[in-house]
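In what follows, a single structure is set out as structure tokens and then discussed.
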Protein chains: 2
Amino acid sequence: MKTRIRELRAKTGITQEELARQVGVRRETIVFLEKGKYNPSLKLAYRVARTLGSTIEEVFIFEEEDLA
Amino acid sequence: MKTRIRELRAKTGITQEELARQVGVRRETIVFLEKGKYNPSLKLAYRVARTLGSTIEEVFIFEEEDLA
DNA sequence: ACACCATGTTAGATATACATAACAGGTGCG
DNA sequence: CGCACCTGTTATGTATATCTAACATGGTGT
């Protein structure tokens, strides 16, 4: 699972720590999300997308394997 | 978190068990999702939405409390 | 060189999504 | 009635998302 978190974060000039704070998680969680190491909960994905001024399906990029 | 799983399932005439089979989870998991007892993983939400011919943000209905 | 800031990584603890199995109630149909 | 089908529930186990704390690194500015 790839994401555009880093890209959107850069666009709004917000840091990992600030995003984490606004979303209500730890900074490490944001790091793992950006690197695609987590399959986040739906609510967390929603909060991240909204905080970045976007939608879930725009922030998180699904691949074919995610359907199997 | 509310969902329109049951509604969309009825529209396509598919059973909980069949949805579970196509999505690749147990039927009980679908029951819990329909009742809003689970905060599913993003991938699972994606698979459910796609199997129902819809999108995540159409199937799962977020509330204000989901942002806090 | 030193200090500061953003990012990355690692290890252990906790919460919870999801699996598994088993059982129960309702509905329709022979 | 009896039977198959769909749905709901409960209990226990496992996997993993997330927390917490600590340390490492590269860049930038002074």
Side-chain angles (χ1 to χ4, degrees):
Chain A
M1 159 113 45
K2 296 177 179 171
T3 88
R4 295 211 186 103
I5 296 179
R6 176 174 288 264
E7 171 190 345
L8 294 168
R9 205 162 52 71
K11 204 172 284 184
T12 65
I14 189 184
T15 164
Q16 285 178 346
E17 188 154 21
E18 180 59 18
L19 176 59
R21 202 189 54 78
Q22 290 188 36
V23 164
V25 293
R26 293 224 125 213
R27 185 180 57 83
E28 297 89 332
T29 301
I30 301 296
V31 174
F32 287 139
L33 283 184
E34 284 192 3
K35 307 221 131 196
K37 290 190 179 177
Y38 277 166
N39 172 22
S41 75
L42 184 54
K43 285 186 184 178
L44 175 54
Y46 178 68
R47 280 188 252 130
V48 169
R50 284 295 180 274
T51 302
L52 292 174
S54 188
T55 64
I56 289 178
E57 310 225 16
E58 280 171 2
V59 175
F60 297 90
I61 301 160
F62 302 95
E63 294 150 6
E64 290 96 27
E65 64 200 37
D66 296 328
L67 274 181
Chain B
M1 159 110 50
K2 294 176 181 174
T3 88
R4 293 172 55 204
I5 296 179
R6 174 173 289 265
E7 172 189 345
L8 293 168
R9 204 160 53 70
K11 203 171 285 184
T12 63
I14 190 185
T15 163
Q16 285 179 346
E17 188 154 20
E18 178 60 18
L19 176 59
R21 201 189 56 77
Q22 289 189 37
V23 164
V25 292
R26 293 225 122 213
R27 186 181 55 84
E28 296 88 332
T29 301
I30 301 296
V31 174
F32 287 140
L33 283 184
E34 283 193 4
K35 307 221 133 197
K37 290 189 178 178
Y38 276 165
N39 172 23
S41 75
L42 184 54
K43 285 188 184 177
L44 175 54
Y46 178 68
R47 281 187 252 131
V48 168
R50 285 295 180 274
T51 302
L52 292 173
S54 189
T55 65
I56 290 179
E57 310 224 16
E58 280 171 1
V59 174
F60 297 90
I61 301 160
F62 302 95
E63 295 150 5
E64 289 97 26
E65 64 200 37
D66 296 327
L67 274 180

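Just so it is clear: chains get the letters A, B, ... in the order the sequence lines come, proteins before strands, and each one is counted from 1.
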- Item | Hydrophobic cluster membership, B/Ile14 vs B/Val31, 4.5 Å side-chain cutoff |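 Hydrophobic grouping puts B/Ile14 apart from B/Val31.
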
I need the minimum non-hydrogen distance between [X] and [Y], along with the two atoms involved.
| X | Y | value |
| --- | --- | --- |
| B/Arg47 | A/Leu67 | CD-O, 3.3 Å |
| B/Leu19 | B/Ile5 | CD2-CG2, 3.9 Å |
| A/Ala49 | A/Ile56 | CB-N, 3.6 Å |

At a heavy-atom distance below 4.0 Å, what parts of [range] sit against DNA chain D?
| range | answer |
| --- | --- |
| residues 37-62 of chain B | none |
| residues 25-32 of chain A | A/Val25, A/Arg26, A/Glu28, A/Thr29 |
| residues 5-16 of chain B | B/Arg6, B/Arg9, B/Thr15, B/Gln16 |

- Message: Under 4.0 Å from a heavy atom of chain B: give me the 5'-most and 3'-most nucleotides of DNA chain C that qualify.
- Response: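 Nucleotide range in contact with chain B: C/dA17 to C/dA22.
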
- Query: Can you check the A/Glu17 CD to D/dC19 P distance for me, whole Å?
  - Reply: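 Result: 14 Å.
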
- For A/Glu17, does the CD atom sit with more than 12 other heavy atoms under 6.0 Å from it, leaving out its own atoms?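 No, because the 6.0 Å sphere around CD of A/Glu17 holds 12 heavy atoms or fewer from other groups.
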
- Residue pairs involving residues 55-64 of chain A (criterion salt bridge (Lys or Arg N to Asp or Glu O under 4.0 Å); sequence neighbours excluded):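 Every pair satisfying salt bridge (Lys or Arg N to Asp or Glu O under 4.0 Å) with a residue in residues 55-64 of chain A: A/Glu57-B/Arg50.
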
- Residue pairs fulfilling salt bridge (Lys or Arg N to Asp or Glu O under 4.0 Å) with at least one residue in residues 24-33 of chain B, sequence neighbours excluded: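 Those involving residues 24-33 of chain B are B/Arg26-B/Glu28.
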
- How many angstroms lie between CG in A/Leu42 and NZ in B/Lys43, if you round to the nearest 0.5 Å?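 Result: 14.5 Å between the selected atoms.
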
